[in-house]
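Okay, structure first, notes after.
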Amino acid sequence: MAETRVSQVTRETLLDWYRRMVFVRRFEEQAERSFRRGKIGGYLHLYSGQEAVATGFVAAMRQDDILFTGYRDHVHALLRGTDARAVMAELYGKMTGVCKGKGGSMHVIDVSRGFYGGYGIVAGHIPLAVGAAYALRTEGKDRVCLCFLGDGAMNNGAFHEAANLAGLWGHDGLAPVVFIVENNQYGMGTSVPRASAVTNLASRFAAYAIPNEGCDGMDPVAVFEVARRVIEDVRRTGRPYAVEALTYRFAAHGAADLFQPYRSKLEIEERRQRDPILLLEQRLRAEGVLDDARGQEISAWADRQVEEAVAFADSSPEPPREELFTDIYDAASDRGAGPR
Amino acid sequence: MAETRVSQVTRETLLDWYRRMVFVRRFEEQAERSFRRGKIGGYLHLYSGQEAVATGFVAAMRQDDILFTGYRDHVHALLRGTDARAVMAELYGKMTGVCKGKGGSMHVIDVSRGFYGGYGIVAGHIPLAVGAAYALRTEGKDRVCLCFLGDGAMNNGAFHEAANLAGLWGHDGLAPVVFIVENNQYGMGTSVPRASAVTNLASRFAAYAIPNEGCDGMDPVAVFEVARRVIEDVRRTGRPYAVEALTYRFAAHGAADLFQPYRSKLEIEERRQRDPILLLEQRLRAEGVLDDARGQEISAWADRQVEEAVAFADSSPEPPREELFTDIYDAASDRGAGPR
Amino acid sequence: MAEMTYREAIKATLIEEMDRNPAVVLLGEDIGVYQGTFRVTEGLLEKYGPRRVIDTPISELGFIGAAIGMAMLGLRPVVEVMTWNFSLGAADQILQNAAKVRYFSGGQVSVPLVIRGPNGGGVQLSAQHSQSLESFYGHFPGLWVVAPATPADARGLLSTSLRGRDPTIFLEHAALYGIKGDVQDGESSVPLGQAEIVRPGRNVTIVAYSRMLRPALSAAQRVAGEGIDCEVIDLRTLRPLDIETVAASVRHTHRAVIVQEGWPLFSVASEIAAGISQRCFEYLDAPVERVTGADVPMPYARSLEALAQPDEAKITDAVRRVVA
Amino acid sequence: MAEMTYREAIKATLIEEMDRNPAVVLLGEDIGVYQGTFRVTEGLLEKYGPRRVIDTPISELGFIGAAIGMAMLGLRPVVEVMTWNFSLGAADQILQNAAKVRYFSGGQVSVPLVIRGPNGGGVQLSAQHSQSLESFYGHFPGLWVVAPATPADARGLLSTSLRGRDPTIFLEHAALYGIKGDVQDGESSVPLGQAEIVRPGRNVTIVAYSRMLRPALSAAQRVAGEGIDCEVIDLRTLRPLDIETVAASVRHTHRAVIVQEGWPLFSVASEIAAGISQRCFEYLDAPVERVTGADVPMPYARSLEALAQPDEAKITDAVRRVVA
Ligand SMILES: Cc1ncc(C[n+]2csc(CCOP(=O)(O)OP(=O)(O)O)c2C)c(N)n1
Ligand SMILES: Cc1ncc(C[n+]2csc(CCOP(=O)(O)OP(=O)(O)O)c2C)c(N)n1
Ligand SMILES: [Mg+2]
Ligand SMILES: [Mg+2]
């Protein structure tokens with residue numbers, strides 16, 4: 001393992017991942033504070049605990065690849081390089097947000113970075129990703145589409161129909177899509193065994209002729225190794241592939257949930273022993289790549305980024321009232337006369 | 001095999017099945033003629049070719065068990081003992097029909113025989129059957145629910161969600177439902193490999209922890225042996241089970257389809273070599289249970305039944321105009337004042 | 001008489017029915033272990049056990065379809081949709097099976113099913129989570145569509161629905177769960193299909209329902225100071241629609257304003273305006289005014305969301321317009 | 001000018017667009033090998049191959065969702081729903097994604113998607129297969145809803161829709177595929193959102209669309225003999241709704257009859273009646289009459305089905321009532 005890692009992921013890269021993971025964690029923590037202060041409304045779903053999954057997969061993506069996910073979406077955007085200020089401004093509902101404040105936390109979308117969002121209906125984005133993958137293939141290029149989904153989403157019909165289409169189209173090399181099941185053990189308050197007749201979620205993809213495997217979703221390196229291999233395979237073949245990343249959500253399902261009767265404090269504490277950021281930090285310290293000074297430096301840098309994002313969001317203007325009626329239909333097609 | 005059959009299915013029973021199968025085949029042939037004459041409107045989906053499946057399963061059902069199926073539903077009703085005249089009258093849209101002529105061919109329903117229909121939306125009846133099975137179990141009795149579905153229906157989200165619920169509730173013994181996939185090779189003009197990423201349909205039930213197996217859907221004895229074992233298992237455990245019956249549809253998908261570009265005449269001819277009625281007849285003749293005289297007798301009897309059904313349907317009255325506004329809401333609850 | 005919240009009124013009714021009728025079972029996402037997203041079912045799993053309080057996977061199509069099957073076989077399922085927005089995934093089951101099977105079976109099958117949960121918006125949930133679906137469901141015969149505005153009606157209409165033998169779309173509202181009101185003790189049932197005149201008046205009839213009743217009442221309060229005496233009607237049920245009570249009112253006020261949170265086109269407001277114009281043709285002194293949600297997907301930004309929704313000020317302006 | 005059927009007009013338009021724009025792909029159940037349930041796509045698989053003419057499993061939710069994803073990434077998918085009844089299984093994708101993603105992405109994403117297929121009833125397909133869903137889809141902002149009544153409009157409206165960059169609900173009608181009409185040669189495009197006066201008249205305005213245009217015209221013919229001169233308007237597009245053309249007509253006829261195949265409550269007819277009453281308040285000489293499908297699930301029996309639908313006789317009676 002040590003060898004492979006060293007051979008494939010340099011210490012610099014690891015340190016860079018650590019930096020990103022610390023940053024996105026701080027971003028989420030700040031978002032929660034802003035939510036408590038009433039600066040952010042609606043629903044707010046935090047990614048804390050699952051960082052290794054998106055970090056490993058996004059690191060294995062090519063610049064021109066694309067991705068879709070659900071409503072737990074801030075971090076996917078940040079890791080793809082979307083300006084943290086534009087993401088925070090979106091959560092604040094400001095005109096400077098990535099979606100002009102019209103989407104909010106559940107609909108962070110940044111097409112310029114291949115991030116197609118950001119959807120609030122569980123499993124509703126999965127068919128979109130399969131169709132997007134088909135479209136990518138018809139370009140004649142070898143771009144790949146990543147589709148992140150939750151363990152709970154797999155019990156929805158949209159998942160089934162989309163997975164079957166991916167399997168079918170994959171037989172013709174027309175479905176370059178990677179399904180990444182972020183199995184954080186719960187769908188809101190319902191644990192996997194209480195929602196899914198079969199608890200080995202990766203194995204369910206066999207019903208669609210989609211090759212699949214599991215991985216440790218708390219270790220970005222483990223995730224990356226699988227991600228790179230799988231993505232390149234999908235890129236080459238145009239066939240779908242599925243990865244179940246075992247991970248855990250430290251925060252409540254949504255920031256509005258004050259108590260969590262479905263799991264014990266003890267369980268959460270135990271899981272925090274494998275906090276992906278903690279594990280990576282221990283490894284980096286062991287390898288002498290990270291010391292207290294470097295750690296404080298990174299921590300301070302992350303906080304600065306987040307503060308700037310908040311300051312920017314706070315001071316940004318609300319969308320002007322005209323925005324209420326824009327972006328419903330294509331501006332080029334006047335509503336009265338219809339699309340041209 | 002010979003032993004088992006003889007041991008479990010007497011020659012009399014076999015002959016009785018043969019009689020029924022000849023009769024329901026004639027019924028369907030007559031329905032098609034009536035459709036051509038404009039006596040039957042809308043869609044008309046014939047069961048010809050698939051008789052062994054329903055015959056074997058219905059024979060293994062208990063009187064108080066129930067069943068659901070799609071729109072290819074006349075034969076399921078007939079085999080459960082619904083008066084052929086009432087079924088034909090339904091197809092004719094007459095007041096004497098099982099559903100007062102309000103449902104038509106796609107909605108043959110006879111609750112008095114545990115036949116809950118009769119549904120036109122592909123896969124739409126599957127969740128109903130799973131819920132019905134749950135309800136049966138809460139009675140504290142051991143009644144079982146059979147759910148017939150097509151190969152094409154398995155690619156629909158309603159199937160996925162219902163199968164997962166059955167698997168889940170089955171863990172608690174609350175899903176006494178048997179899924180019978182009538183794999184007749186096509187969903188309208190789309191063959192199984194063109195619609196399903198995986199062509200071993202029984203195996204797809206593994207994704208729901210539902211035990212499953214295949215059987216020869218052209219041999220009523222083979223079907224019956226499986227059906228009896230499976231139904232009793234489900235009755236005992238309250239857990240779901242799935243059977244994929246390999247069969248074939250001789251008629252067009254719907255009587256309105258005049259040509260069938262998706263399959264060759266040759267293919268149909270080959271499949272007719274294994275016409276379930278032909279196979280059973282050969283067996284009965286080989287065993288000396290059936291001779292020409294007996295055969296003609298049965299044939300004449302069947303024709304008579306069908307003629308009576310047609311005469312009855314033809315001479316029955318149309319539903320009176322008041323029927324347009326009945327059966328929308330519970331009669332006991334006056335629409336103005338709402339349910340009581 | 002006891003004062004309770006809208007949430008408590010619904011919960012009390014569920015408990016009452018579950019106690020008197022063992023056939024009542026509850027299904028929904030996170031209604032049990034999680035205690036209910038809006039805490040309506042809090043404690044019920046502990047009280048009635050997992051066979052009667054069923055936590056489901058995220059399979060609206062599947063479990064609503066299953067609930068229909070349960071109802072067909074004699075149970076009386078009550079489904080909680082976490083919000084009505086998620087019911088769109090189950091539209092086929094609700095509209096094609098629940099609403100129609102009694103009819104196409106020639107009356108052989110009943111579907112005594114209540115589907116309940118919060119409808120509408122107003123708390124910055126943006127486009128996918130803020131829809132008002134009453135006009136959509138109300139379009140389909142075979143369904144009852146109910147939308148209580150007060151704790152008393154939530155209780156009375158739910159108990160009527162739970163004793164009916166038809167599928168009922170029971171539309172609650174997230175913004176109402178916490179409001180308090182008097183609810184009579186013991187069993188109480190409000191008939192479906194009867195609107196209520198909640199404020200008698202002489203000059204203008206304001207028609208509203210669900211969350212819009214309160215701004216309608218405060219607008220009536222407001223213009224009363226200007227000498228405009230408004231009669232305020234709470235529809236309470238949308239299918240069947242009690243257009244007669246509305247028409248009778250307009251025949252003496254001669255003016256009407258209709259308020260609804262949802263989109264304007266092909267909606268409840270369209271039907272009421274058309275019904276009034278038809279039935280009160282000789283009586284109307286001014287065109288009927290409609291105050292509806294803006295014809296846009298709901299934006300997230302607080303300021304835009306406010307612009308998109310009816311409020312006291314917009315209703316007040318409309319009232320002034322009809323009397324002008 | 002060439003005479004062609006409604007079916008041929010649609011097919012010709014699909015071919016024209018597929019030839020000029022390689023981004024156009026077709027998806028649907030049995031549109032390829034089977035040649036299309038209503039033969040609209042006959043021969044297109046052979047002509048354009050399986051990558052552009054995609055036979056799908058019975059997965060409306062999946063393939064309509066996939067088509068939305070294709071559209072987001074630059075393709076121009078045209079989905080055929082075998083009938084609109086089956087689109088209910090995909091309601092979530094159509095209403096929550098296609099209609100809203102442009103909005104909640106702040107304009108970053110377009111969904112140039114046309115979903116087409118037969119809507120309505122009339123051929124004894126009973127309750128689950130005879131629905132008219134225009135009032136339902138028309139309620140949701142973000143969609144265009146189109147319902148051509150003639151071959152020329154089928155061609156013109158489809159080509160406009162195929163060049164637009166928004167999701168379009170294109171409602172054909174099984175009973176119209178075989179009708180013939182003149183269609184101009186070469187490209188032709190009819191703007192969305194513009195109703196057409198197909199018969200000018202002075203006494204009564206009859207508003208109709210899709211399959212109901214013909215009985216409306218024959219009713220106009222019929223009463224012409226009685227000296228009642230009807231103006232007949234074909235709405236053609238339901239969202240956006242060209243209420244102005246309707247109002248302008250009523251301002252000179254002073255009377256209106258609205259005809260629709262679908263259910264009455266919360267419908268297109270409700271909105272038109274409300275819109276006329278509001279805009280023509282000073283002009284109306286009689287209450288607006290509505291002739292709609294009966295408020296019942298569609299029965300199978302031929303005689304009952306006939307009772308449930310508008311026809312020339314019912315329209316004629318309504319016209320007589322408004323002039324009485
Ligand atoms: C169709 C639908 N039903 C219900 C909801 C409410 N809801 C939002 S998130 C969620 C749980 C999803 O769990 P999972 O897929 O495991 O994702 P996670 O939240 O764990 O990341 C539910 C039920 C929804 N958004 N969409
Ligand atoms: C949701 C839905 N989509 C499409 C249809 C049209 N349709 C009717 S039957 C059928 C094929 C079903 O195939 P299968 O499930 O294999 O059953 P079979 O007809 O072969 O018995 C289709 C596509 C429908 N009724 N429902
Ligand atoms: Mg989860
Ligand atoms: Mg089949």
Side-chain angles (χ1 to χ4, degrees), chain A residues 66 68 90 97-104 106-107 109-112 116-121 124-139 145 157-158 160-166 168-169 172 174 319 323 326-340, chain D residues 22-23 25 27 50-52 54 56-75 77 89 92-93 96-97 99-110 112 141-142 144 146 157 160-166 168 189-194 237 240 242 244:
Chain A
I66 66 174
F68 288 76
E90 187 58 36
V98 266
C99 301
K100 300 196 274 182
K102 289 181 170 183
M106 295 191 286
H107 302 301
I109 298 180
D110 182 357
V111 169
S112 72
Y116 281 84
Y119 297 85
I121 302 303
H125 64 293
I126 307 173
L128 303 183
V130 172
Y134 188 100
L136 292 179
R137 215 58 174 190
T138 58
E139 293 173 337
C145 176
H160 176 71
E161 298 190 5
N164 184 57
L165 285 173
L168 264 180
W169 294 346
D172 301 322
L174 293 169
E323 280 299 326
T326 61
D327 304 321
I328 301 166
Y329 295 97
D330 177 27
S333 54
D334 124 43
R335 295 189 64 187
R340 284 275 175 278
Chain D
V25 298
L27 297 88
R51 285 189 172 212
R52 293 187 68 191
I54 307 165
T56 65
I58 306 165
S59 312
E60 284 79 5
L61 184 65
F63 67 76
I64 289 178
I68 296 166
M70 291 176 178
M72 288 168 67
L73 270 290
L75 290 180
D92 183 70
Q93 285 296 330
Q96 295 280 48
N97 288 338
K100 298 184 172 79
V101 66
R102 179 193 292 281
Y103 198 80
F104 64 67
S105 70
Q108 292 180 75
V109 178
S110 293
W144 299 93
V146 182
L157 292 168
T160 306
S161 304
L162 286 168
R163 298 184 188 194
R165 304 183 59 238
D166 294 303
T168 305
S189 97
V190 173
L192 301 198
Q194 291 183 17
T237 301
D242 184 3
E244 264 322 313

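Since the structure is predicted, the reported quantities are computational estimates derived from the model, not experimental observations.
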Measure the CG-CZ distance between D/Leu73 and A/Arg137 for me, rounded to the nearest 0.5 Å.
13.5 Å

Please classify the contact of D/Pro22 with chain A as side chain, backbone, both or neither, using a heavy-atom distance under 4.5 Å.
neither

Are A/Tyr116 and D/Val101 close enough that some pair of their side-chain heavy atoms sits under 4.5 Å apart?
no

Close side-chain approach of D/Met72 and A/Leu128, heavy atoms under 4.5 Å
yes

In Å, rounded to the nearest 0.5 Å, how long is the span from NE2 of A/His160 to CG of D/Leu61?
11.0 Å

With a 4.5 angstrom heavy-atom cut-off, which part of A/Asp110 approaches chain D: side chain, backbone, both or neither?
both

To the nearest 0.5 Å, what is the distance between CH2 on D/Trp144 and CG on A/Asp330?
8.5 Å

I'd like to verify something: which residue of A/Ala129, A/Gly104, A/Gly101, A/Ala135 has the highest number of heavy-atom pairs under 4.5 Å with chain D?
A/Ala135

For D/Glu60 and A/Glu161, the nearest pair of non-hydrogen atoms, with its separation, is N-OE1, 3.6 Å

Taking every heavy-atom pair that is under 4.5 Å apart, which of A/Leu174, A/Leu168, A/Ile109, A/Val111 has the most such pairs with chain D?
A/Ile109

pair D/Phe104-A/Asp327: side-chain heavy atoms closer than 4.5 Å:
no

Check each atom of D/Ser105 against the heavy atoms of chain A and say whether the ones under 4.5 Å are side chain, backbone, both or neither.
both

Does any backbone or side-chain atom of D/Gln108 lie under 4.5 Å from a heavy atom of chain A? Answer side chain, backbone, both or neither.
both

Does A/Pro127 reach the side chain of D/Gln93, with side-chain heavy atoms less than 4.5 Å apart?
yes

Under 4.5 Å from any heavy atom of chain A - which part of D/Leu162
neither

Side chain from CB out, backbone as N, CA, C, O: work out which of these in D/Leu157 comes under 4.5 Å of a heavy atom of chain A, or both, or neither.
neither

Just wondering, do D/Arg51 and A/Tyr134 contact through their side chains at under 4.5 Å, heavy atoms?
yes

For residues A/Leu165 and D/Pro57, determine if any side-chain heavy atom of one lies less than 4.5 Å from a side-chain heavy atom of the other.
yes

Quick one: of D/Ile68, D/Ile54, D/Leu27, who has the most non-hydrogen atom pairs under 4.5 Å with chain A?
D/Ile54

Taken to the nearest 0.5 Å, the spacing of A/Ile121 CD1 from D/Asp92 CG works out to 5.5 Å

Treating A/Tyr329 as the side-chain partner and D/Gly142 as the backbone partner, does any N or O pair qualify as donor plus acceptor under 3.5 Å?
yes

Hey, which of A/Lys102, A/Glu323, A/His107 is the one that makes side chain to side chain contact (heavy atoms under 4.5 Å, CB included) with D/Tyr103?
A/Lys102

